[in-house]
Asker: 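Below is a structure I'd like to ask you about.
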Amino acid sequence: MKKSIFLFISLFAFSLAFSQDKATNTEQMKWWREARFGMFIHWDMSSVAGTEISWSRLGPKPLDIWGDAAGTGGDSIYDNLYKKFNPTQFNARKWVEIAKDAGMKYLVFTAKHHGGFCMWDTKYTDYSIMNTPYGKDVIRELSAECHKAGIRFGIYYSPRDWHHPDYGMGDNSRYETYMTGQLTELLTNYGQVDVVWFDSFGKGESVKYWHADKVLELVRKLQPQTIVNNRCNYFGENVPSLKADFDTPEQTIGSYQPTRNWESCMCVVEAPKGGWSYRRDGKVKPFAECIRNLVGCATGDGNLLLDVGPDPAGIIPSDQAGRLAQIGEWIRKYGFTIYGTQGGPFRNGKWGGGTFKGNKVYVHLYESAPDTVSLPALKENLVNAKNLSHSNVKASMSNGKIKIISTPADRHSPDTILELTFNQNVTRIDN
Ligand code: GLC
């Protein structure tokens, strides 16, 4: 109970941490704002055990987000999984194809998670994929395939490292040298990196030595076009001067927020105690829920980064890939109501929400919506309402107010979409 309240407060803090506003890197953010939908991939040798990435490692987690966890030593089972990691079926082209077919425009891959295992050829540690029976640099292949396919490529890098003996030790300088060296490798040897997705430094004594600003400076120097999330700093801490490019609500749809960029990261797999990574006990979320998550983000003016967890052989399991293919089918029909739109022009809600572009507003109505939804008045006049889902849901406007009227039988799962055309370009209203 205590932990869940803390988690709630922490998630809230995450969204405030490392603040940014829309003025930040507007040029660099352009493609990302239009993309709306990306693939997160949590994958490393933890897939051999089929348990939660890093968090299933027993033993102390120095400087974790809950504060210092005392103790020494690691987990002799978890820390040796890499010796059995041999993903001979890994095929970067296939993964990128799955992402592309799902309508995802970018991909973010765990280069190093909190457990410290490195998925590329790094000269800074032996604890890497190069020393598994597989012995090949998967980031090399994945980045190359993304570049070829026109999918934006991003890396996830955890500043927390529960495996590294220098992490959080003394003034943390040895670890910082290690980390900046690794970031330099990642941002120099793999061509263009479009997103750098950090996952916060820990808490505890040594945070006072943590130089998030220097790390960020390095990233921006090495890849000036890249964009960075709001977790470069230590957990929950707000450093406005650092200017992150986007907020990161986790496992939840972010709330309507047109003033700051945001991206919800959510797992396609639901599992007890998490779902980040390949989970033997995981269950893929229903199709309708996945669509509502995407629509919920788009109508709130945010992105969705949907996570998959490939298996130890290197395959994105068929239940996950199958769900993504279904999402892709939906996107091919209705993607124009998502890509390149803004969330709004009015606040979304439990009933659904809107996206808009030019003189069009796309209303996404959920099955659970009430029979009448009254929307606040827009400045523009409604000239036409078209139902894109072939049902009888209707829209009318009188005294400036728009009403969406339907019966339960008219409302489809995962949503019913109306295209409203106005006499001129629509502007966002403050509500
Ligand atoms: C969290 C978790 C981690 C996951 C990440 C994704 O902070 O520690 O396991 O990778 O969020 O958002």
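The shown structure was predicted, so the numbers you read here are calculated from the model rather than taken from an experiment. Note that these values count all heavy atoms, side chains included, but never hydrogens, waters or copies made by symmetry.
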Asker: Heavy-atom count check: over 12 atoms from other residues, nucleotides or ligands less than 6.0 Å from Lys360 NZ?
Answerer: yes

Asker: List the steps, then state whether ring-ring contact (aromatic ring centres under 6.0 Å, His included) holds for Phe336 with Tyr362.
Answerer: CA-CA 9 Å; Phe336 66 96; Tyr362 302 103; 5.6 Å; yes

Asker: For Tyr157, enumerate each residue passing the ring-ring contact (aromatic ring centres under 6.0 Å, His included) test, keeping only those at least two apart in sequence or located in another chain.
Answerer: none

Asker: Do the side chain of Asn399 and the main chain of Lys401 share a donor and acceptor less than 3.5 angstrom apart?
Answerer: no

Asker: What pair of heavy atoms forms the shortest contact from His114 to Ser158, and how long is it?
Answerer: ND1-OG, 2.7 Å

Asker: With a 4.0 Å cut-off, would you call Lys283 and Asp319 a salt bridge?
Answerer: no

Asker: Quick one: do Asp121 and Lys136 make a salt bridge, cutoff under 4.0 Å?
Answerer: no

Asker: Indicate the atoms forming the closest heavy-atom contact of Gln192 with His147, along with that distance.
Answerer: O-NE2, 2.7 Å

Asker: Would the distance check show the side chain of Asn303 and the main-chain N or O of Trp32 forming a donor-acceptor pair, the cut-off being under 3.5 Å?
Answerer: yes

Asker: Between Gln225 and Val193, which heavy-atom pair has the shortest distance, and what is it?
Answerer: NE2-O, 3.0 Å

Asker: Any side-chain donor paired with an acceptor under 3.5 Å for Gln320 and Arg323?
Answerer: no

Asker: Kindly say whether Thr337 contributes a backbone atom to a donor-acceptor pair with the side chain of Glu419 at under 3.5 angstrom?
Answerer: no

Asker: Counting only N and O atoms by type, is there a donor-acceptor contact under 3.5 Å from the side chain of Tyr339 to the main-chain atoms of Gly103?
Answerer: yes

Asker: I need the Leu305 CG to Cys267 SG distance, nearest 0.5 Å.
Answerer: 10.0 Å

Asker: Measure up the Trp330 and His364 rings against each other and bin them: parallel (under 30°), tilted (30 to 60°), perpendicular (over 60°).
Answerer: tilted

Asker: Would you please say whether a donor-acceptor pair under 3.5 Å links the side chains of Asn230 and Thr248?
Answerer: yes

Asker: Start with the C-alpha distance between Ile253 and Cys297, add both sets of side-chain angles, then the distance that settles side-chain contact (heavy atoms from CB on, under 4.5 Å), and finish with yes or no.
Answerer: CA-CA 6 Å; Ile253 301 171; Cys297 289; 4.2 Å; yes

Asker: Would you check if the side chain of Arg428 reaches a backbone N or O of Gly343 as a donor-acceptor pair within less than 3.5 Å?
Answerer: yes

Asker: Using side chain to side chain donor-acceptor pair (under 3.5 Å), reason through Asp137 and Tyr190 one step at a time and then give a plain yes or no.
Answerer: CA-CA 11 Å; Asp137 182 339; Tyr190 300 93; 2.6 Å; yes

Asker: Output yes when a side-chain donor or acceptor of Ser389 lies under 3.5 Å from a complementary backbone atom of Thr416, and no otherwise.
Answerer: no

Asker: With no hydrogens and no angle check, is any side-chain donor or acceptor of Arg152 less than 3.5 Å from a backbone partner on Leu107?
Answerer: no

Asker: Minimum heavy-atom separation for Asn425 and Asn359, please, with both atom names.
Answerer: OD1-N, 3.4 Å

Asker: Applying side-chain contact (heavy atoms from CB on, under 4.5 Å) to Thr110 and Trp276, what does each step give before you reach the verdict?
Answerer: CA-CA 11 Å; Thr110 48; Trp276 300 112; over 6 Å; no

Asker: With a 3.5 Å distance limit and no angle check, can you tell me whether Thr355 reaches the backbone of Ile338 through a side-chain donor-acceptor pair?
Answerer: no

Asker: Which atom pair, heavy atoms only, marks the closest approach of Ala288 to Pro414?
Answerer: CA-CB, 3.8 Å

Asker: For the CD atom of Glu263 and the CH2 atom of Trp197, what is their distance to the nearest 0.5 Å?
Answerer: 6.5 Å

Asker: Could you measure the distance from the CG atom of Asp161 to the CE atom of Met179? Nearest 0.5 Å is fine.
Answerer: 9.5 Å

Asker: Looking at the rings of His42 and Tyr156, which for Trp means the six-membered one, are their centres under 6.0 Å apart?
Answerer: yes

Asker: Once rounded to the nearest 0.5 Å, what's the spacing between atom NZ of Lys333 and atom CG of Leu388?
Answerer: 11.5 Å

Asker: Of Val295, Ile417, Val393, Asp415, which meets side chain to side chain contact (heavy atoms under 4.5 Å, CB included) against Leu365?
Answerer: Val393

Asker: Treating Glu52 as the side-chain partner and Gly275 as the backbone partner, does any N or O pair qualify as donor plus acceptor under 3.5 Å?
Answerer: yes

Asker: Quick check on Arg332: does its CZ atom have over 12 non-hydrogen neighbours (other residues, nucleotides or ligands) under 6.0 Å away?
Answerer: yes

Asker: Taking the basic N atoms (NZ, or NE/NH1/NH2) and the acidic carboxylate oxygens, is any pair closer than 4.0 Å for Arg220 and Asp245?
Answerer: yes

Asker: Take Tyr78 and Trp162, measure what ring-ring contact (aromatic ring centres under 6.0 Å, His included) needs, and give me the verdict at the end.
Answerer: CA-CA 12 Å; Tyr78 191 92; Trp162 299 324; 9.5 Å; no

Asker: Going through the distances and angles, do Met104 and Ile151 end up as a side-chain contact (heavy atoms from CB on, under 4.5 Å)?
Answerer: CA-CA 8 Å; Met104 293 155 153; Ile151 292 267; 5.6 Å; no

Asker: Taking 4.0 angstrom as the limit, do Lys148 and Glu145 come out as a salt bridge?
Answerer: yes

Asker: Could you check if a side-chain atom of Leu306 sits within less than 4.5 angstrom of a side-chain atom of Ile327, using non-hydrogen atoms only?
Answerer: yes

Asker: Answer whether the closest heavy-atom distance between the side chains of Asp166 and Glu176 falls below 4.5 Å.
Answerer: no

Asker: Would you mind reporting whether Glu270 and Glu289 have side-chain heavy atoms less than 4.5 Å apart?
Answerer: yes

Asker: Does a side-chain heavy-atom distance below 4.5 Å link Phe346 with Leu378?
Answerer: yes

Asker: Could you tell me how the ring of Trp95 sits relative to the ring of Phe109: parallel (under 30°), tilted (30 to 60°) or perpendicular (over 60°)?
Answerer: tilted

Asker: With distance as the sole criterion, is a donor-acceptor pair present between the side chains of His412 and Ser391 under 3.5 Å?
Answerer: no

Asker: From Leu218 CG over to Gln223 CD, what is the distance, rounded to the nearest 0.5 angstrom?
Answerer: 10.5 Å

Asker: For the pair Asn229 (side chain) and Phe198 (backbone), establish whether a donor and an acceptor sit closer than 3.5 Å, ignoring hydrogens and angles.
Answerer: yes

Asker: Classify the ring geometry of Tyr175 against Phe201: parallel below 30°, tilted from 30° to 60°, perpendicular beyond 60°.
Answerer: tilted

Asker: Do you know which two heavy atoms are closest between Pro310 and Pro317, and how far apart they sit?
Answerer: CA-CD, 4.0 Å

Asker: Would you give the length of the straight line joining atom NZ of Lys394 to atom CD1 of Ile405, rounded to the nearest 0.5 angstrom?
Answerer: 8.5 Å

Asker: Under the side-chain contact (heavy atoms from CB on, under 4.5 Å) criterion, do Ile155 and Trp120 qualify, and how do the steps go?
Answerer: CA-CA 11 Å; Ile155 51 154; Trp120 76 101; over 6 Å; no

Asker: When you compare the side chains of Thr427 and Glu380, does any donor N or O come within less than 3.5 Å of an acceptor on the partner?
Answerer: yes

Asker: Does a donor on one side chain sit under 3.5 Å from an acceptor on the other, for Arg160 and Ser200?
Answerer: yes

Asker: Relative to each other, are the rings of Phe90 and Trp43 parallel, tilted or perpendicular (30° and 60° limits)?
Answerer: parallel

